[in-house]
Amino acid sequence: MDVTLQHEHAWDVSTGEAKALQKRLAPQVRAEPLPRAPQTVAGVDVSIRGDLAQAAIAVLRLPELEVVAEAVHRCDVPFPYVPGLLSFREMPALLPALRKLDATPDLFMLDSQGLAHPRRFGLACHFGVLLNVPALGVAKSRLEGERAGELSVEKGSRVALLDDDPGETIGAVVRTRDDTNPVYVSIGHRITLDEAVEITLQCSPRYKIPEPTRAAHKLSRKERE
DNA sequence: GCGACAG
DNA sequence: ATCTTGTCGC
């Protein structure tokens, strides 16, 4: 796809400069409805093995989740892992992969935080703002914020993720499947939180888990608590 | 100083 | 994230 960056900036920066960049760009994030129901969504991820970073993007058509395009790119790992600065580790691998992609998805899903970030500028925001595309973040664990309440075990249940101030809502904790750990959903850019949650659920596997397995999981979870 | 800490 | 070990269900 056509990759035109809204803001050109260096990636080889100090941690101090990286944080300053995030603070400068964070006001660019826009929470607004999608222009139309997305017909395609891109799953975006980066794996790191030793010195090798490998970015992968898969475009799926909704609602059947059929893969219609994909691209990968390998390069050196450019930045250490620092909580809150994931963009500087993953974006340099992601941009060339995007250029190889033979499609322009309606929306991007990143395995990261978006707004639910100490400076309100997680990877999903950085990605969305630089490329000026709709993006959302789905993380497997918490970086910032606190659950507004208890979460029930049924698929689809959700609670707000709040952060200090006047209880600012920075995301949602969402159960995408019965009896599984919830995910942390937050907006990246040009989407609303409700839409982000809806899309996340729509993109979750919905095959039926065999009942004996479910019962055992239920028991083992009870024992851990 | 201590605890927390996306991937 | 990646790596390793251990358990359980099918």
Side-chain angles (χ1 to χ4, degrees), chain A residues 11 13 15-16 18-19 21-23 25-26 29 42-58 72-95 97 108-130 135-147 160-164 168-174 176-189 191 193 196-197 200 205 207-224:
Chain A
W11 294 102
V13 296
T15 58
K19 289 179 182 178
L21 273 164
Q22 292 177 331
K23 287 179 183 171
L25 294 177
V29 170
V44 181
D45 195 13
V46 177
S47 79
I48 308 260
R49 278 158 41 200
D51 293 334
L52 177 68
Q54 179 164 299
I57 303 172
V72 298
H73 179 80
R74 296 180 178 86
C75 62
D76 287 335
V77 176
F79 201 87
Y81 172 68
V82 180
L85 300 181
L86 199 59
S87 303
F88 297 86
R89 189 166 169 83
E90 302 202 346
M91 281 296 289
L94 251 18
L95 294 174
F108 293 83
M109 185 179 293
L110 293 283
D111 67 326
S112 72
Q113 311 288 351
L115 203 69
H117 178 277
R119 290 165 292 282
R120 304 291 183 268
F121 203 67
L123 172 59
C125 295
H126 210 142
F127 185 100
V129 167
L130 282 197
L136 68 98
V138 181
K140 296 179 291 298
S141 60
R142 188 204 75 96
L143 175 64
E144 184 79 10
E146 183 181 327
R147 292 183 196 192
L161 185 62
L162 306 177
D163 201 18
D164 37 59
E168 176 189 8
T169 295
I170 59 176
V173 187
V174 182
T176 56
R177 304 244 303 269
D178 285 353
D179 305 310
T180 60
N181 293 327
V183 293
Y184 294 76
V185 178
S186 57
I187 69 161
H189 191 47
I191 192 171
L193 180 57
V197 169
T200 298
Y207 55 79
K208 187 167 182 174
I209 301 174
E211 185 56 38
T213 304
R214 290 189 51 198
H217 284 177
K218 215 174 262 187
L219 283 174
S220 54
R221 184 152 37 71
K222 202 167 207 169
E223 283 163 12
R224 283 198 307 270

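Reminder, nothing fancy here: chain letters follow the sequence lines and each chain counts from 1.
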Step-by-step side-chain contact (heavy atoms from CB on, under 4.5 Å) determination, Arg120(A) to Asp163(A): CA-CA 11 Å; Arg120(A) 304 291 183 268; Asp163(A) 201 18; 2.9 Å; yes
Mind calculating the distance between CG (Leu52(A)) and P (dT2(C)) to the nearest angstrom? 11 Å
Report the C-alpha distance between Phe79(A) and Met91(A) in whole Å, list the side-chain angles of each, state the deciding distance to 0.1 Å, and finish with yes or no for side-chain contact (heavy atoms from CB on, under 4.5 Å). CA-CA 10 Å; Phe79(A) 201 87; Met91(A) 281 296 289; over 6 Å; no
State, to 0.1 Å, how close Val72(A) and Ala56(A) come at their nearest heavy-atom pair, and which atoms those are. CG1-CB, 4.0 Å
Any side-chain N or O of Lys140(A) less than 4.0 Å from the OP1 or OP2 oxygen of dA6(B)? no
Please check if the number of heavy atoms outside Glu168(A) that lie under 6.0 Å from its CD is greater than 12. yes
Specify the closest pair of heavy atoms between Ala172(A) and Leu193(A), including all atoms of both residues, with the distance to one decimal. N-CD1, 4.1 Å
Check the pair His117(A) / Ile170(A) against side-chain contact (heavy atoms from CB on, under 4.5 Å), numbers first and verdict last. CA-CA 8 Å; His117(A) 178 277; Ile170(A) 59 176; over 6 Å; no
Can a side chain N or O of Ser141(A) be found less than 4.0 Å away from OP1 or OP2 on dG7(B)? yes
Tell me whether the OP1 or OP2 atom of dA6(B) has a side-chain N or O from Tyr81(A) closer than 4.0 Å. yes
Mind checking if Ile48(A) touches a base, just sugar-phosphate, or nothing, with heavy atoms under 4.0 Å? sugar-phosphate
Please work out whether the ring planes of Phe127(A) and Phe108(A) are parallel, tilted or perpendicular, with thresholds of 30° and 60°. tilted
Could you check how far CD of Glu146(A) sits from P of dA4(B), rounded to whole Å? 14 Å
Neighbours of DNA chain B within residues 116-126 of chain A, by heavy-atom distance under 4.0 Å: His117(A), Gly122(A), Leu123(A)
Could you check how far CG of Asn181(A) sits from C1' of dA6(B), rounded to whole Å? 15 Å
Annotated structure of DNA chain C as dot-bracket, pair cut-off 3.5 Å, Watson-Crick or G-U only, | for inter-strand, is ..........
Roughly, in whole Å, what's the span from CD in Glu144(A) to P in dG7(B)? 14 Å
What does Gly84(A) touch in the nucleic acid at a heavy-atom separation under 4.0 angstrom: a base, only the sugar-phosphate, or nothing? base
To the nearest 0.5 Å, what is the distance between CG on Asp45(A) and CG on Asp111(A)? 4.0 Å
Leu86(A) atom CG is separated from dA1(C) atom P, nearest whole Å, by 10 Å
Would you give the length of the straight line joining atom CG of Leu21(A) to atom NE2 of His126(A), rounded to the nearest 0.5 angstrom? 6.5 Å
Kindly check if the number of other-residue, nucleotide or ligand heavy atoms within 6.0 Å of CG (Asp164(A)) is above 12? yes
To the nearest angstrom, the CZ-C1' distance between Arg89(A) and dA6(B) comes to 12 Å
Here the gap from Arg89(A) atom CZ to Leu94(A) atom CG, rounded to the nearest 0.5 Å, amounts to 13.0 Å
The test is side-chain contact (heavy atoms from CB on, under 4.5 Å); show your working for Arg147(A) and Tyr184(A) and say whether it passes. CA-CA 10 Å; Arg147(A) 292 183 196 192; Tyr184(A) 294 76; 3.4 Å; yes
If you only use heavy atoms from C-beta on, which nucleotide in dA6(B), dT2(C), dG7(B) is closest to the side chain of Glu90(A)? dG7(B)
How long is the line joining CG of Leu110(A) and P of dG7(B), in whole Å? 12 Å
Using a 3.5 Å limit for the pairing distances, which stems of at least 3 consecutive Watson-Crick or G-U wobble pairs does DNA chain B take part in? none
Nearest-Å distance for atom pair CG/P, residues Asp51(A) and dT2(C): 14 Å
